[in-house]
Amino acid sequence: MKKILCLLCMLIGLECKAAVTVADTLSSSYEYANFREIKNDSNLNLGQKIRHSGGLIKRFIKAFDEYDTTYIEPNKYHMTVMLQGTGNAEWFSLKGEESGHRMSFTSRPGYKIGPYLGWHWIFLGYTIDVSTIGGTQTKKTETEFSLYSSMLGCDLFYRKTGSDFTMRRATGYDQDLRPYYGSAFDGIKVSLIGLNAYYIANHKHFSLPAAFSQSTRQLRSAGSWKFGFSITRHDISIDYQKLNEQIPGGISQDMQVTKMKYMDYSLSAGYAYNWVFRKDWLLSIDIAPSLGYKRTSHSIWSKMPEENARLYQALYERGNINVNVTGRLGIVWNNSRNYAGASLIMHNFNYRHKELSMHNAFLSFNVYTGLNFLRQKK
């Protein structure tokens, strides 16, 4: 009898040991620190190495969206429906460094409204440009795609102006040009395409999506430093002859550039703060100056034959350094199921050379309201 009991105990012991070994193997994807350890483990076959590598990748991706739930509350719903109205405006200015002449223009503001349907972080929508109803049609294009996690953010954007600029101001001229303020000018076309990417230092306590995409809620006030980089391509076309026809004396020679294309490579550092001033309410402000290196790829000026533009272009290709600024301001009411708010986003680009300075500013204003549905399982 004693021999039988001893044999049973040995069998139970072996079974328990085997169970522990299997459990250790099943959970080992959380014990490896890197792929090299998995690769060099001779106790794992190919299928196990693939499964453990997948677990490591999942943990790596999840680390980009980790946060403290006492400060940030995740979205509790799978889907959302939203109605949004968007306004946009643009400013453009030229300054001749030798003459001291400066002219600034502004485009007619545009207004769009439309519904959106969202699933987690994907939004699809359709908007109507109400600013052109019953008025003059303009060829404008504004496209922006943003992707946020708690740690990283990314903005892709493309903008192309129409032909609806008006003169806003002119300084440095001998004659008074105020009578021409507000006059239409369709000789400026500006387009740019770019990418912004940034890192949120205090991402466990500060949530950028809470202010600008409503995919999380900020429960307690917090701020964070932001560090990032951007790449933008600018394409500017100016019909200075039309300006010469509209303005007495025309514009100075150092402002008579007809085409300009340049790349802007920028590094940014800024600070953002989310202020929870009342339950379910959030006020967010974000300012990020950037130091940009601009390199001209193509330029044509009126004071030279077009065939000699290549020589002048080579002088401009040396590049120059300028300061740009991106700013965001947002206010949100969000009780987890319903939300409403407004946001203001402004991009500021500066180009300065020994003969010519240019300034672009784009502003977008959004007002929205929506509700979440299809609650996630706990």
Side-chain angles (χ1 to χ4, degrees), residues 62 64-88 112-127 142-157 196-198 200 202-224 226 272-288 326-346 363-378:
K62 188 176 179 181
F64 285 95
D65 211 28
E66 290 182 344
Y67 44 78
D68 185 344
T69 54
T70 62
Y71 279 81
I72 302 170
E73 180 184 75
N75 190 7
K76 299 177 180 179
Y77 298 85
H78 287 289
M79 300 195 70
T80 183
V81 61
M82 179 179 72
L83 180 66
Q84 177 172 293
T86 301
N88 58 75
K112 296 181 179 181
I113 187 170
Y116 287 81
L117 180 66
W119 178 79
H120 293 279
W121 51 270
I122 301 175
F123 271 78
L124 296 175
Y126 178 79
T127 59
E142 298 103 9
T143 303
E144 187 162 351
F145 173 77
S146 298
L147 181 63
Y148 301 114
S149 72
S150 61
M151 182 189 296
L152 302 174
C154 177
D155 300 319
L156 292 169
F157 54 89
N196 291 335
Y198 35 87
I200 310 297
N202 188 24
H203 57 273
K204 291 190 176 181
H205 295 152
F206 170 85
S207 174
L208 192 67
F212 298 102
S213 67
Q214 300 79 53
S215 57
T216 58
R217 291 178 67 213
Q218 188 82 43
L219 303 179
R220 299 169 62 181
S221 300
S224 177
K226 289 176 56 183
Y273 190 79
N274 282 350
W275 177 33
V276 182
F277 60 92
R278 194 174 179 180
K279 187 178 184 298
D280 300 332
W281 283 92
L282 171 65
L283 178 65
S284 179
I285 186 169
D286 174 359
I287 299 177
T326 298
R328 291 180 173 89
L329 180 67
I331 184 168
V332 182
W333 171 81
N334 189 342
N335 68 357
S336 185
R337 180 168 177 77
N338 304 289
Y339 58 88
S343 63
L344 181 70
I345 303 174
M346 185 170 185
L363 182 145
S364 296
F365 179 74
N366 301 310
V367 180
Y368 53 86
T369 182
L371 64 92
N372 299 311
F373 59 100
L374 291 182
R375 189 179 178 93
Q376 300 180 24
K377 294 181 180 180
K378 293 184 179 179

How far does [atom1] of [X] sit from [atom2] of [Y], to the nearest 0.5 angstrom?
X      : Y      : atom1 : atom2 : value
Asn274 : Leu219 : CG    : CG    : 11.0 Å
Asp286 : Ser343 : CG    : OG    : 12.0 Å
Cys154 : Leu152 : SG    : CG    : 9.5 Å
Trp281 : Asn335 : CH2   : CG    : 11.0 Å
Tyr273 : Leu283 : OH    : CG    : 10.5 Å

What I want to find out is whether Asp68 reaches Arg220 closely enough, with some N-O distance under 4.0 Å, to be called a salt bridge. no
Side-chain donor or acceptor of [X] paired with backbone N/O of [Y] under 3.5 Å:
X      : Y      : answer
Thr326 : Ala288 : no
Thr80  : Leu371 : yes
Asn372 : Ser336 : yes
Gln84  : Tyr368 : no
Ser221 : Val276 : yes
Ser224 : Asn202 : yes
Gln218 : His205 : yes

Neighbour count >12 (heavy atoms, 6.0 Å) for atom CD1, Ile287: no
So which heavy atom on [X] is nearest to which on [Y], and how close?
X      : Y      : value
Arg328 : Ile345 : CG-CG1, 4.0 Å
Gly114 : Leu83  : O-CD1, 3.5 Å
Ser150 : Tyr67  : CB-CD2, 4.0 Å
Phe373 : Val81  : CE2-N, 3.9 Å
Asn196 : Phe157 : ND2-CE2, 3.5 Å
Ala211 : Val332 : O-CG2, 3.5 Å

Please step through side-chain contact (heavy atoms from CB on, under 4.5 Å) for the pair Gln376 and His78, ending with a clear verdict. CA-CA 6 Å; Gln376 300 180 24; His78 287 289; 3.5 Å; yes
Going by distance alone, is a donor N or O of one side chain under 3.5 Å from an acceptor N or O of the other, for Asn88 and Ser364? no
Can you confirm whether [X] sits close enough to [Y] that some side-chain heavy atom of one is under 4.5 Å from a side-chain heavy atom of the other?
X      : Y      : answer
Trp333 : Asp280 : yes
Arg337 : Tyr77  : yes
Trp275 : Ile285 : no
Met82  : Tyr339 : yes

Going through the checks in order, is the side-chain contact (heavy atoms from CB on, under 4.5 Å) test met by Leu344 and Leu363? CA-CA 7 Å; Leu344 181 70; Leu363 182 145; 3.5 Å; yes
Could you walk me through whether Lys226 and Ile200 satisfy the side-chain contact (heavy atoms from CB on, under 4.5 Å) test, starting with their C-alpha distance in whole Å, then the side-chain angles of each, then the deciding distance to 0.1 Å, before giving a yes or no? CA-CA 5 Å; Lys226 289 176 56 183; Ile200 310 297; 3.6 Å; yes
